[in-house]
Number of protein chains: 2
Amino acid sequence: LSVIDDLTSELARLPGIGRKTALRLTYHLLKRPPEEIKRLARALEGVADRVHACSRCGNLTENDPCAFCASPRRDASLICVVEEAADIGAIERTGEYRGLYHVLGGRLSPLEGIGPDELNVAALLTRVRTVEQVSQDSALAHAIARVTEVIIATNPSVEGEATATFLQRQLQPLGVRITRLARGIPVGGDLEYVDGVTLAQALSGRREI
Amino acid sequence: LSVIDDLTSELARLPGIGRKTALRLTYHLLKRPPEEIKRLARALEGVADRVHACSRCGNLTENDPCAFCASPRRDASLICVVEEAADIGAIERTGEYRGLYHVLGGRLSPLEGIGPDELNVAALLTRVRTVEQVSQDSALAHAIARVTEVIIATNPSVEGEATATFLQRQLQPLGVRITRLARGIPVGGDLEYVDGVTLAQALSGRREI
């Protein structure tokens, strides 16, 4: 049954989906009306055909520049640097951030052969350097405004930390303010179960109330 | 980003895949080359366009009759009744069965509104009844041979049991031998952790060595 095997193999390539889960998904799909299976196929094709990286910030988008870079309502003096486009959603959901983004497309990882050249770093430095010159094009005017702060929001992993340190060194000579997300105990967390490193960072970062 | 949201929604409709996993899969796919995404799309379309139920046994197949029903090397006097087409794979992997199959397409479940009419039962009774007349068409000759045994291989769940009992009552008047899969402790299982019902069935089904 070649088309069934085909589909199972393709599904098994997805992360977190093993051979058994792929089979289960295939048989689930086989029980659905063909129209429903085709809707998923079309959604995949739509993404394959129309989604690409924003030429300014690296966010995944159907338009170029992306909705953030093109919006006159975002604060162009702030750039939040994230590892992946998916991280933007997490920050947007807080409703607390009105600046722009920059997607690195990963984090430094010598073991996986990912060095600075594999990440979207040069474009970030260019964005921070490009000032003064104000465009006549109102949609892009804000994007060429001066960047005053870069928030480094890489993941709190060893590689995320190394990436943050690397970015800090690259950005420092440009005279821009560089900040990082605060570390501490998560809301709803239980002191007893917070790991020592996080607790130490929560202590050293304590604030007056 | 409508196409990205589209894909996430479609993926989230799959069983066992929640909103978060769907998002993670979407972003994984977005990082793959478009050609790879399209391969998955094409696999889905292939299945939607070409897979349907075998008109004899209900197995999902690209051809009609399916590979089992059409094979002269399968023993047409044996029919193994399973709930879903996916169950055939499990039985084939044992390498111990050479008969034909019959796929019910589910199990009796009054709570879900699934009665005998929703299952592929009438066709099973017809297959068992249809004897004597031997076709000239060699590919189908075996399929019209006399069925001597029906193995009921529904799942060992409450609904699977009810379905088995129902099938037994329907088949009994046809004078065919009706068997069920043996119950007992699974190979590699630990007596201490086997549930009481299974252990009781293993005891009552004990065999001389």
Side-chain angles (χ1 to χ4, degrees), chain A residues 1-17 20-54 59-63 66-68 84-90 103 105-106, chain B residues 1-17 20-54 59-63 66-68 84-90 103 105-106:
Chain A
L1 289 176
S2 69
V3 295
I4 297 180
D5 293 342
D6 254 19
L7 179 55
T8 307
S9 306
E10 289 300 326
L11 289 172
R13 301 166 73 95
L14 297 173
I17 296 187
K20 275 203 169 172
T21 308
L23 250 181
R24 195 168 53 81
L25 289 175
T26 299
Y27 277 103
H28 166 85
L29 286 166
L30 286 169
K31 289 202 286 176
R32 310 303 308 167
E35 191 38 52
E36 198 174 311
I37 306 175
K38 291 198 173 187
R39 220 166 47 215
L40 175 53
R42 276 196 304 272
L44 285 161
E45 262 164 14
V47 155
D49 286 335
R50 283 149 60 185
V51 176
H52 51 86
C54 170
N59 183 24
L60 294 168
T61 174
E62 285 180 67
N63 307 310
C66 75
F68 297 113
E84 303 289 354
D87 299 329
I88 293 179
V103 178
Chain B
L1 289 177
S2 70
V3 293
I4 296 179
D5 293 343
D6 256 18
L7 177 56
T8 307
S9 308
E10 289 300 328
L11 289 172
R13 300 166 75 95
L14 297 173
I17 295 189
K20 276 204 169 173
T21 307
L23 250 182
R24 193 167 54 82
L25 289 175
T26 299
Y27 277 104
H28 166 85
L29 287 166
L30 286 169
K31 289 200 286 175
R32 309 303 308 165
E35 192 37 52
E36 197 173 312
I37 307 176
K38 290 199 173 185
R39 217 163 51 212
L40 174 53
R42 275 195 305 270
L44 286 160
E45 262 164 15
V47 155
D49 286 336
R50 283 150 59 186
V51 177
H52 52 84
C54 170
N59 182 24
L60 295 168
T61 174
E62 284 179 68
N63 307 310
C66 75
F68 297 113
E84 304 290 353
D87 299 330
I88 293 180
V103 178

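Just so we're on the same page: letters track the sequence lines, and every chain starts at 1.
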Exercise. Has the side chain of B:T26 got a donor or acceptor atom that lies under 3.5 Å from a matching backbone atom of B:A22?
Worked result: yes
Exercise. What part of A:E84 is in contact with chain B, defined as an atom under 4.5 angstrom from a non-hydrogen atom: side chain, backbone, both or neither?
Worked result: side chain
For this session: Would you indicate whether the side-chain heavy atoms of B:K38 and A:D49 approach each other to under 4.5 Å?
Result: yes
Seminar exercise, completed: Answer key: most heavy-atom pairs under 4.5 Å with chain A among B:S9, B:P15, B:G16, B:A43 is B:P15
Exercise. With respect to chain B, which residue among A:V47, A:L23, A:L11, A:L29 yields the maximal number of heavy-atom pairs within a distance under 4.5 Å?
Worked result: A:V47
Seminar exercise, completed: OH (B:Y27) and CG (B:L7) are apart, to the nearest 0.5 Å, by 10.5 Å
For this session: Among the options A:G105, A:C66, A:A85, A:A41, pick out the one with the most heavy-atom pairs lying under 4.5 Å from chain B.
Result: A:A41
Exercise. Between B:R39 and A:D6, does at least one N-O distance fall below 4.0 Å, as a salt bridge requires?
Worked result: no
For this session: Indicate yes or no: at least one non-hydrogen side-chain atom of A:L25 is less than 4.5 angstrom from one of B:I17.
Result: yes
Problem set entry | Max heavy-atom pair count under 4.5 Å with chain A, selected residue of B:A86, B:P34, B:G46 | B:A86
Problem set entry | Option that, when pairs with chain A are counted at under 4.5 Å, heavy atom only, ranks first among B:H52, B:R50, B:K31 | B:K31
Problem set entry | Validation row: B:E62, A:V3 side chains within 4.5 angstrom (heavy atoms) | yes
Exercise. So do A:T61 and A:V51 actually touch side chain to side chain, heavy atoms under 4.5 Å?
Worked result: no
Exercise. What part of A:A67 gets closer than 4.5 Å to chain B, counting heavy atoms only: side chain, backbone, both or neither?
Worked result: neither
Problem set entry | Region of A:R32 that comes under 4.5 Å of a non-hydrogen atom in chain B | neither
For this session: Give the member of A:R24, A:E36, A:R42, A:R13 that has the highest number of heavy-atom pairs under 4.5 Å with chain B.
Result: A:R13
For this session: Answer with side chain, backbone, both or neither: which region of A:L40 has an atom nearer than 4.5 Å to a non-hydrogen atom of chain B?
Result: both
